[in-house]
2 protein chains.
Amino acid sequence: MDDLSKRQKQILQAIIEDYISSAMPVGSRTISKSFALSSATIRNEMSDLEDLGYLEQPHTSAGRIPSEKAYRFYVDNLMKLSTLTAPELNYIRSYYDKRICQTGEVLSDAARVISDLTEYVSVVTPPKVSSVLVTSIQLMPINPSTAMVVLVTDTGMMQSTPIVLPRNVSPDELESMSRLLNKMFAGRSVTEIHPQAQYAVESEIADQKQIFDTICSVLASRLENQKGKVLIQGASKMLAHQEFTDVNKARSFLQLLEENSRISEIVSAESDEISVRIGQETGLGDVSIVTATYSAGGKDLGKIGVIGPTRMQYDKVLSVLDQVGKTLSEIFAENVKTEDDTVEEE
Amino acid sequence: MDDLSKRQKQILQAIIEDYISSAMPVGSRTISKSFALSSATIRNEMSDLEDLGYLEQPHTSAGRIPSEKAYRFYVDNLMKLSTLTAPELNYIRSYYDKRICQTGEVLSDAARVISDLTEYVSVVTPPKVSSVLVTSIQLMPINPSTAMVVLVTDTGMMQSTPIVLPRNVSPDELESMSRLLNKMFAGRSVTEIHPQAQYAVESEIADQKQIFDTICSVLASRLENQKGKVLIQGASKMLAHQEFTDVNKARSFLQLLEENSRISEIVSAESDEISVRIGQETGLGDVSIVTATYSAGGKDLGKIGVIGPTRMQYDKVLSVLDQVGKTLSEIFAENVKTEDDTVEEE
DNA sequence: GTTAGCACTCAACGAGTGCGAGTGCTAACA
DNA sequence: TGTTAGCACTCGCACTCGTTGAGTGCTAAC
């Protein structure tokens with residue numbers, strides 16, 4: 001079914017690339033100029049490609065536009081990865097060089113960079129909880145009945161949460177509980193912190209059990225909450241593309257973007273290092289989603305991605321995501337190794 | 001200039017309210033139905049109102065639409081505050097009852113509530129730094145050369161930042177520095193933390209001065225960063241309104257919303273408890289901005305607001321903001337008094 | 001297999017038209 | 001003096017209809 005002749009492939013590629021840049025149905029004459037063939041010949045080929053499901057005609061006397069199948073074929077077989085220009089690379093590096101320390105800021109910078117370079121909507125998920133290890137847990141007295149729990153992880157990610165304790169607790173007692181918590185969780189996955197955990201606390205000080213439970217359940221729910229978080233940038237860019245001239249389409253797309261947890265789920269769903277989902281494959285209708293992974297110490301941390309029209313500059317997007325992903329990975333790798341964070345004035 | 005007759009006021013009010021709900025230029029016949037007057041009489045009055053600058057005509061044979069001056073007059077003199085319905089009040093209370101502990105979540109909930117109830121874009125600024133007092137500053141060792149600084153404030157707001165120390169520092173030393181930091185800053189405004197501070201540290205341990213400087217400058221830059229932050233919800237809602245059917249208008253508006261720091265500035269600019277800025281007054285062109293203040297312990301903390309078309313349901317928006325503002329104030333007041341944060345499962 | 005030629009299709013554009021909501025003005029009325 | 005009825009006028013909007021042009025499919029010839 002998929003044994004296209006070499007010429008068919010070339011023609012298909014030419015059509016797709018023309019359509020991606022022009023957003024107009026492409027006709028046989030346009031293509032014939034790049035080939036030493038007449039428009040009639042191209043027409044015949046196009047007709048065949050249409051029969052095979054690679055092309056579609058909006059109406060009889062318009063040119064052809066690529067189908068989702070065509071994009072799929074293009075991404076898998078035809079496309080060459082574009083290399084980023086020097087200014088683009090510099091742009092990416094420039095924010096890397098800042099060495100901002102907070103996970104949140106690194107990621108929101110990444111989101112901005114991606115959307116700036118690609119002109120599409122960017123999506124960045126924070127490091128996923130399941131792959132993160134506890135470095136330490138600290139309890140800090142705030143007042144007799146309230147403490148702050150600070151959870152530090154090996155990725156430099158932090159959670160700090162105030163917790164109301166079931167009874168007044170002295171700083172010393174907190175201190176000893178801190179130690180206990182660290183003994184229990186340091187070096188382990190944060191997912192091991194869950195509310196119903198029947199830790200071997202009883203043996204130590206039975207009275208503290210309830211406090212432990214409170215702390216764990218609060219931490220767990222905080223981490224749970226964290227899951228649906230996602231950074232989105234460049235929504236306005238979307239409206240610049242042809243396919244969103246219809247206000248209603250634009251609106252429903254924006255609405256979708258506001259459902260952060262759904263986006264997060266969809267983006268995180270893919271486990272491949274780098275993935276392209278086109279049209280129906282996304283479960284979102286007429287958009288494409290390209291995602292890449294950033295990682296540290298061999299563990300995948302989170303996803304960066306782009307949402308755009310199916311008529312997307314896949315080559316460009318892929319290389320931007322690849323580059324930004326690598327950069328992020330470097331940053332996090334450094335964190336993991338040395339916690340070597342510095343802050344520069346802006 | 002502004003001595004409108006009672007009847008003129010009534011007519012103006014009727015026109016404004018009709019236009020707010022219909023978005024269509026309103027004609028004399030429509031209005032005459034609500035008054036025991038003929039359309040011709042209304043026309044005469046309308047003509048006068050137009051001369052006075054309260055009404056505008058898109059073109060000769062269309063009805064009239066209110067000018068910005070008219071909205072101003074409406075808000076200042078004609079409008080009655082609408083009372084929220086029971087379900088609306090419950091909706092606001094329901095999220096209050098959750099008693100979520102983190103400042104960030106309380107605020108983003110507020111933003112969501114406002115935009116849900118008003119159908120406009122909501123804006124919430126976090127408690128402004130200048131009015132916040134340091135409760136405590138804690139240094140936590142992470143590894144020999146890195147520490148985590150946790151800043152707790154009286155509003156329950158927290159900042160935690162990793163800091164790379166200029167040299168290795170033992171936990172004990174950190175501990176003593178913690179104490180010193182608290183001695184210096186506890187109970188004072190966070191704005192007193194600034195990088196060039198020549199604190200009376202020399203006397204204590206000259207060697208630690210550099211570390212202090214590092215910590216202060218990092219904290220200061222974090223807080224500085226915080227300034228431009230702002231939570232925005234419901235951008236997609238905007239596209240539902242008539243005035244944004246033009247994609248380009250919609251896009252430039254969305255672009256504006258993405259410039260968080262600018263929005264933050266504009267929203268924070270107003271010092272009044274509650275304020276309505278209409279059209280040109282906003283400096284943003286054809287939109288209106290309504291803001292209210294939330295506060296605790298007599299101090300204004302931050303702003304909540306709504307951005308919408310000048311044709312906005314001012315009465316509804318004002319009462320929603322008023323209510324949400326009060327609710328937020330209660331939540332923060334509680335924080336200030338007792339740090340009484342509880343976390344419930346969702 | 002390729003190409004020239006030709007009839008055909010159909011969206012897009014623009015001019016022309018009728019409609020209707022709404023106005024301003026005038027003259028008459030209370 | 002304020003109100004009203006009547007009427008001519010304006011002008012956006014929706015609709016129709018012919019024209020245009022890009023593009024197709026098909027056929028016959030090379």
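All values below were derived from every heavy atom in this structure, side-chain atoms included, with hydrogens, water molecules and symmetry-related copies excluded. All chains are named by letter (A, B, ...) in the order of the sequence lines, taking the proteins before the strands, and each is independently numbered beginning at 1.
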Watson-Crick/G-U partner (both atom distances under 3.5 Å) of dA29(D):
dT2(C)
Nearest to the side chain of His59(B), which nucleotide is it out of dC10(C), dC11(D), dT24(D)?
dC11(D)
Answer for the Watson-Crick or wobble partner of dA22(D), both distances under 3.5 Å, is dT9(C)
With sugar-phosphate meaning primed atoms plus P, OP1 and OP2, does Thr41(A) contact a base, only sugar-phosphate, or nothing at under 4.0 Å between heavy atoms?
base
Contact nearer the 5' end of DNA chain D, comparing Thr30(A) with Ala40(A)
Thr30(A)
For the pair Ser67(A) (side chain) and Tyr54(A) (backbone), establish whether a donor and an acceptor sit closer than 3.5 Å, ignoring hydrogens and angles.
yes
Length of the line joining Met24(B):CE and dC11(D):C1', which is rounded to integer Å:
15 Å
Separation of dG12(D) P from Ile65(B) CD1 (nearest whole Å):
14 Å
Give the rounded distance in Å between these two atoms: CE of Met46(A) and P of dG23(D).
9 Å
Atom CZ of Arg29(B) and atom C1' of dG24(C): how far apart are they, to the nearest Å?
17 Å
Take the protein atom CG of Leu37(B) and the nucleotide atom C1' of dA5(D), then report the distance between them rounded to whole Å.
14 Å
In whole angstroms, the gap separating P of dA21(C) from CD1 of Ile42(B) amounts to 19 Å
Heavy atoms under 4.0 Å, any strand shown: does Ser28(A) hit a base, just sugar-phosphate, or nothing?
sugar-phosphate
Lys/Arg-Asp/Glu bridge criterion (N-O < 4.0 Å) met for Glu281(B), Arg72(B)
yes
Picking from dT10(D), dT24(D), dT4(D), the nucleotide nearest the side-chain atoms of Thr60(B) would be dT10(D)
In this structure, which one of Lys69(B), Glu17(B), Gln13(B) forms a side chain to side chain donor-acceptor pair (under 3.5 Å) with Tyr74(B)?
Glu17(B)
Quick check for you: among dG24(C), dA11(C), dG12(D), whose closest atom lies nearest to any side-chain atom of Ser47(B)?
dG24(C)
Geometric class of the His241(B)/Tyr120(B) ring pair [parallel <30°, tilted 30-60°, perpendicular >60°]
parallel
For a 4.5 angstrom cut-off between non-hydrogen side-chain atoms, does Leu321(A) reach Thr291(A)?
no
Spacing between Asn44(B) atom CG and dG2(D) atom P, to the nearest angstrom:
11 Å
Rounding to a whole Å, what distance do you find between Ile11(A):CD1 and dG1(C):C1'?
13 Å
N/O (side chain, Arg64(A)) to phosphate O (OP1/OP2, dG25(D)) under 4.0 Å:
yes
Looking at dG2(D), I'd like to know if its phosphate oxygens (OP1 or OP2) sit under 4.0 Å from a side-chain N or O belonging to Arg7(B).
no
Could you tell me whether the side chain of Ser61(B) has a donor or acceptor atom within less than 3.5 Å of a complementary atom in the base of dT10(D)?
yes
Would you indicate which nucleotide in dT23(C), dA4(C), dT4(D) comes nearest to any side-chain atom of Arg43(B)?
dT23(C)
